[in-house]
Amino acid sequence: MDYQFKQIEKDWQKFWATNETFKAEVDESKPKYYVLDMFPYPSGAGLHVGHPLGYIASDIFARYKRLKGFNVLHPMGYDSFGLPAEQYAIQTGQHPAKTTETNINRYREQLDNLGFSFDWSKEVRTSSPEYYKWTQWIFMQLFNSWYNKETDKAEHISTLIAKLETIPAKEINAVCDDDVLPLLPSDWSTMTAEEKQAELLKYRLTFLKESTVNWCAALGTVLANDEVKDGFSERGGHPVEQKKMMQWSMRITAYAERLLQGLNHIDWPEPLKEMQRNWIGKSVGAMVKFSLIPNPSPKEKGAQENLENLNDVAGRRGYETANSFAWDILKGNSKENRKQQTDAEIVLWNELRDSQTGFKIRRQHVIEGYIADFVCLPKKLVIEIDGGYHNTVETIEYDNQRTEFLNKAGFQVIRFTNEEAINNTNKVITTIKEKLQASPSYPEKAEPVSTSTTQVAPSPSEKAGDEASFIEVFTTRVDTLYGVSFLAIAPEHELVASLTTPAQKADIENYILATKKKSELDRMSDVKTVSGAFTGSYAINPLSGEKVPVWIADYVLAGYGTGAVMAVPSGDQRDYLFAQHFDLPIIQILDAQVCDKEADATKEGRYINSGIINGLSYKEATQKIVTALEEVGMGYAKVNFRMRDAIFGRQRYWGEPVPVYFKNGLPYLIKEEELPLLLPEVDKYLPTESGEPPLGRAKDWKYQDEYEYELSTMPGWAGSSWYWYRYMDAKNDAAFADKDKIAYWKDVDLYIGGNEHATGHLLYSRFWNKFLKDLGYVNEEEPFKKLINQGMIQGRSNFVYRLNYSVNNLKENLENPDEDLDKINYLTQELPLVFISYDLVDKITNDADYRMMTQNNINDNLLSLELKANGIEILLDNENLITKIHVDVNIVENDILNIEKFKASRPEFKDAIFIFEDGSNPLSFGEGRGEAKYVCGHEVEKMSKSKFNVVNPDDLVERYGADTLRMYEMFLGPLEQSKPWNTNGIEGVFKFLRKFWKLFHDDSFNFVVSDEAPTKAELKALHKIIKKVEEDIERFSFNTSVSSFMIAVNELTDLKCNKRAILQEMVILLSSYAPHIAEELWKQLGNEEGTLSYAQFPVFNPEHLVENEFAYPVSINGKTKMNLTLSLTLEPVDVEKEVLANEQVLKYLDGKTPKKVIVVKGRIINVVI
RNA sequence: GCUCAGAUGGUGGAACUGGUAGACACGCAGGACUUAAAAUCCUGUUCCCGUUAAGGGAGUGCGGGUUCGAUUCCCGCUCUGAGUACCA
């Protein structure tokens, strides 16, 4: 019989399932090997042709390792909690468990179709209670643990309590929240149980904390940072906003350093490791304090706090802000000022008080951060008396700004000098009276006290008295400290208000406003524009003592480091641009630095202009500066991480319930024996009316009928962060996996999956693994020793090109317009669509003659004589000539459209006509005459239903069989490389398998294998492929071994080889790639059924490849000219003699003597002339 | 912008430590078998010059370099893809 792949594949899939051929149990006599695929989320769409790529590769490897004598664990399961099932549940009311079950069954069917050697007895589903019981259990362990920096590992919370009982909390070296109390053992002992519980929460590895989260209202859930793209949810593209919520978090930051270091010891693709490094974002640097120079106007100290209210007074509504606090301070200041009045003020006050002018005048009155000497509110007139010091350029400038500001606020300002007020009091009073009378009246407004309290107000201690005396910055280049020419702080920085001098108030205010208006997106896309504003304040460089200005700039992020940077224009490009733009100094600090055009961040050379480090190198300088800073208490070395703690709660139904209940607002774990905490039933999968998560709908769902359970569920990554351990012992009821089994299987030797998990799953998994190791439950520091990212399979879309035309029905030419028009409409409606072959698209677009010819042709063929007689004409639409339409790739073969199927695919295509590729016959009807073909265009796009480019593996299995599909997917190219799917080459692989089958059978398909001894050539062909396949699999180069198989089979076919000694070995070699056909032939060869999977991989014998002759390529000056067959026993010297004696070579030499002859034995000969 | 990966015929790709570039396969062209089609088999297929042949020349994104010899190593550039986003 011919190669009957359908029957063969069905039979063997059944055999493997019934006999549990691939069941793996602990077997100390064999070395273990663990091959794992990143487990799938069973979506409703099923598998497309891209999904199995990694599974096929891992399956080949697993089967290969079995043949090599390893005990292979190769399991599969489902990450079955997740959003899509829940979305579907919300839409249809179906329980997500039900749809999940349906989807899993479909996945399983598709996977079974491909002949994978999974040990299905170990299948897991994260959504089954037997599984999530242990996810909850691990959560409880995390809750009961803290991170001890001294031992550098997680420990049970009891060791922390023991410490709190004996030593001050300050001496405990823990990773914890910022706000832990500085407790003494005596404090701890007097605390109530609840107070203790509240305090311990700040140390636990999973903890409740108010966090800013990415809230997606449309999805009704919180998203992780990596689920948000440009302010929109990755899934569904809904807007995401920042919202403060009480959230469960995981203290992954405790492991930042270990997660980083671990990367150096695992065999993962470099880009993936790089992504994790970036994500962790370690920067080694120093904290440096810059002292602030007190504000130039102590009189108005504190006034600036009220800055933001300016907008209200000026009639512009700014953002809401709070400043009752500032108001109080200012009032305090103004009272202070009244006690210290100048003589001039006293004189004037005597004339102005008690409405002597006819208007009520107030003195030392606060107007939006300024204290006016006198003011008449109903007339909005300010009277200022300038003291003796009001004569320098600066103070004049200052006064002008002050006037300008008050004008903006709607006030008129008149000024008198001290002298005028004292010596010419009457004249001054008259002027004031005149001014008052001339001014329009305004209703007197209430004192401007804002009531809003949303803005974070600095704490009182920061403001009054010791108001921030320094700015702290984080820097990774502390060696550049002498190159600092300004400080830049984030516009949101808490010191902005107090640093701003009155003169700069308007500038700063406008800048902050402008910054706020810019959306996140603008700020990201508009990186190049330099912007900022000067606060008017100065700070002091702690080592050089230089005075540097403090600016605000939006390139400084409030959320990173301290929200302030020391700007070194010579070494940092952003600082450089900023300095250039605002004309700030650029100080060169290294002799090797070139910074006349742009910043140069070099660490090379010796320091200049750098005080104590002049002449030193980078390393010495860094050390010296840190030491110097530490000595004066102005800085210290510090490591910063970008990674934040992971938020661990989702306001969702379809996830693991958190095993926690609340008593008096504090969280407590349920008892371990109460696990699993089952997901309760709810009537709807939506939030409650009060905005609580769906679990809030569960009826009578209370712990011990009394206490509220936690209502959020765990995020998608919870279940997948430890699943590889569950596979080791999937059914265990007493532990997440048995200790002995964990000790045997250890870790995953080969992990294959897509790189979309780079910073999510793979980081969290490593974190949980390290945690479980700290507690002694597992033994390996890293869970996935080797990891391969399979490339994405993209779609390859096909297109047809519709020619657009219109009908010109010369209505006015008709004899009987109404009647004829009906007829015409009827007839023209029948006109078919016209499609033009892809290779003619350019021609018809650019070639007017061809276009005209085509139009005539269409007219001739499509219009009846009657219509033509009536002046009806078809006109090509030159404006919009061609419409490109996606066509289902499944009715296109090698870019040639199957016209029959195309016509049947949609009613409007039924009568379509085609302009075929041959062009000689520009318009062809029907099925294509003779050789005519309709060629489709193509493009690489995402594989998706809407693009009609989805290829379903089931269809290909149906047509060619699983073995062919498996080999073809590998044949497509290197596993790691992304590539578009194209079914075009699959025939070649199918032919190969049939050819292989034929080696065992005669022309009438009778099984004919001979027991004769193989020839030398046959052995050579065999051992060549043994070597090649072994090498290829070991380096995961599956595509090249498929080619080699083809070469081997071609060779054996040419040799007409049907020797058992060769073919049986070939069967074993091929069995990991094409297991079904191999099993069938193995059986036909007379072997026991099912033993193939555990047969011995053929042993390579190099003797069979030894040659005694070699056809040396001979090059003249490096260009290959000819081949020369010589014995391999000849040494280079003799080879050279032979070469130079050769006639052909002499011809090339053309009488010249070669300068040099290079001979590489068994490789090449090169003659240099 | 930064980081990483990549660029080879009409197409997918091969060439592993520098040693015959284009293996293997698809497609295409021609042929055999067939009443015909499918299937199968055979031949050719990097480009250019040479009618055929013999033969010659160019050629692995571009420009240089190292070398007897470079797809492979080095320097500079262009383009494509991925990740990241003002991280101090």
Side-chain angles (χ1 to χ4, degrees), chain A residues 2 230 269-275 277-279 281-283 285 473-478 480 488 490 523-528 553-557 559-568 571-575 577-578 640-642 755-756 758-759 789 791-792 794 796 893-896 938 940 968 971-974 976-989 991-992 994-995 998 1003 1028 1031-1032 1035 1037 1039-1048 1050 1111-1123 1154-1160 1162-1169:
Chain A
D2 195 358
D230 299 339
E270 199 48 49
L272 181 53
K273 291 206 246 184
E274 198 59 31
M275 275 168 78
R277 285 192 194 107
N278 287 339
W279 193 262
K282 180 182 181 177
S283 26
V473 303
F474 175 74
T475 176
T476 53
R477 285 295 300 271
V478 74
T480 63
R523 249 173 107 163
M524 281 196 303
S525 55
D526 187 26
V527 173
K528 284 200 181 99
D554 66 2
Y555 77 86
V556 182
L557 303 178
Y560 185 77
T562 61
V565 302
M566 53 177 238
V568 185
D572 181 289
Q573 188 58 18
R574 286 159 314 172
D575 297 345
L577 291 173
F578 196 90
N640 235 16
F641 288 98
R642 187 164 65 129
N755 70 354
E756 65 271 24
T759 48
N789 278 137
M792 279 243 294
Q794 295 143 297
R796 186 180 187 275
E893 208 167 318
N894 285 322
D895 290 340
I896 308 295
H938 62 90
V940 174
Y968 182 60
F971 184 63
L972 224 46
E976 302 90 331
Q977 210 170 293
S978 285
K979 56 228 153 197
W981 177 266
N982 191 343
T983 313
N984 286 352
I986 200 167
E987 292 277 349
V989 174
K991 275 191 214 164
F992 154 76
R994 293 178 58 162
K995 222 169 162 180
K998 275 190 170 173
D1003 290 346
K1028 180 76 174 148
E1031 282 173 2
D1032 284 352
R1035 66 191 171 103
S1037 173
N1039 57 325
T1040 50
S1041 41
V1042 177
S1043 301
S1044 316
F1045 273 123
M1046 291 174 171
I1047 295 169
N1050 288 346
Y1112 280 98
V1114 180
S1115 329
I1116 309 293
N1117 287 337
K1119 285 272 167 194
T1120 310
K1121 295 291 179 186
M1122 53 177 282
N1123 280 339
K1155 277 191 201 143
K1156 207 172 174 186
V1157 178
I1158 287 128
V1159 178
V1160 182
R1163 280 235 118 115
I1164 198 174
I1165 298 163
N1166 190 12
V1167 182
V1168 187
I1169 304 174

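Order of the sequence lines sets the chain letters (A, B, ...), proteins ahead of strands, with each chain counted from 1. As the structure is a computational prediction, the values presented were derived from the model and not from experiment.
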Determine: side-chain N/O of [X] to OP1/OP2 of [N], distance under 4.0 Å, yes or no.
X	N	result
A:Lys1121	B:G57	yes
A:Thr1120	B:A21	yes
A:Thr562	B:A88	no
A:Lys991	B:C26	yes
A:Lys1156	B:C68	yes
A:Arg574	B:C87	yes
A:Gln977	B:G13	yes
A:Asn1039	B:A14	yes

Please give the distance between the [atom1] atoms of [N] and [M] as a whole number of Å.
N	M	atom1	value
B:U80	B:U8	C1'	15 Å
B:G55	B:G6	C1'	38 Å
B:G13	B:G22	C1'	10 Å
B:C79	B:C62	P	15 Å
B:U51	B:G63	P	30 Å
B:C41	B:G50	C1'	33 Å
B:G12	B:U17	C1'	27 Å
B:A14	B:A25	P	15 Å

Which part of the nucleic acid, if any, lies within contact of [X], taking any heavy atom under 4.0 Å across all strands shown: a base, the sugar-phosphate backbone alone, or nothing?
X	answer
A:Ser1115	nothing
A:Pro980	nothing
A:Ile1047	sugar-phosphate

Considering only [options], which nucleotide approaches the side chain of [X] most closely?
X	options	result
A:Lys979	B:C86, B:A15, B:G13	B:G13
A:Phe971	B:U20, B:G19, B:A25	B:A25
A:Pro271	B:C24, B:C4, B:G19	B:C4
A:Asn1050	B:U20, B:C16, B:C24	B:C24
A:Pro974	B:U40, B:A14, B:C68	B:A14
A:Val1160	B:A88, B:G19, B:C16	B:G19
A:Asn1166	B:G69, B:C16, B:U3	B:G69
A:Pro1113	B:U20, B:A15, B:G83	B:U20

Salt bridge A:Glu270-A:Arg277, side-chain N to carboxylate O under 4.0 Å: yes
Integer-rounded Å distance: B:C26 C1' and A:Asn982 CG: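 Going from A:Asn982 (CG) to B:C26 (C1'), I get 9 Å.
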Spacing between A:Asn984 atom CG and B:C26 atom P, to the nearest angstrom: 11 Å
Spacing of CE belonging to A:Met566 relative to CZ belonging to A:Phe474, to within rounding of 0.5 Å: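 It comes to 11.0 Å.
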Both distances below 3.5 Å, Watson-Crick or wobble geometry, any strand: find the nucleotide opposite [N].
N	result
B:C24	B:G12
B:A39	none
B:A70	none
B:C79	B:G6
B:U34	none

Side-chain donor-acceptor pair present, [X], [Y], cut-off under 3.5 Å:
X	Y	result
A:Ser1037	A:Thr1040	yes
A:Asn1166	A:Lys1156	no
A:Ser283	A:Asn640	no

Upstream residue (5' side of RNA chain B) when A:Ile1165 and A:Glu274 are each assigned their closest nucleotide: A:Glu274
A:Arg642 vs A:Asp1032, nearer the 5' end of RNA chain B by closest nucleotide: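 Nearer the 5' end of the strand: A:Asp1032.
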Minimum heavy-atom distance A:Thr759-A:Met275, with the two atoms named: CG2-O, 4.0 Å
Proximity of A:Trp279 and A:Phe641 rings by center, below 6.0 Å: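 Judged by ring-centre distance (under 6.0 Å), A:Trp279 and A:Phe641 do not meet the cut-off.
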Chi-angle category of B:G12 [syn within 90° of 0, anti beyond]: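 Anti, angle beyond 90° from zero.
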Residue pair A:Ile1164, A:Ser1115: steps toward the side-chain contact (heavy atoms from CB on, under 4.5 Å) verdict: CA-CA 8 Å; A:Ile1164 198 174; A:Ser1115 329; 3.8 Å; yes
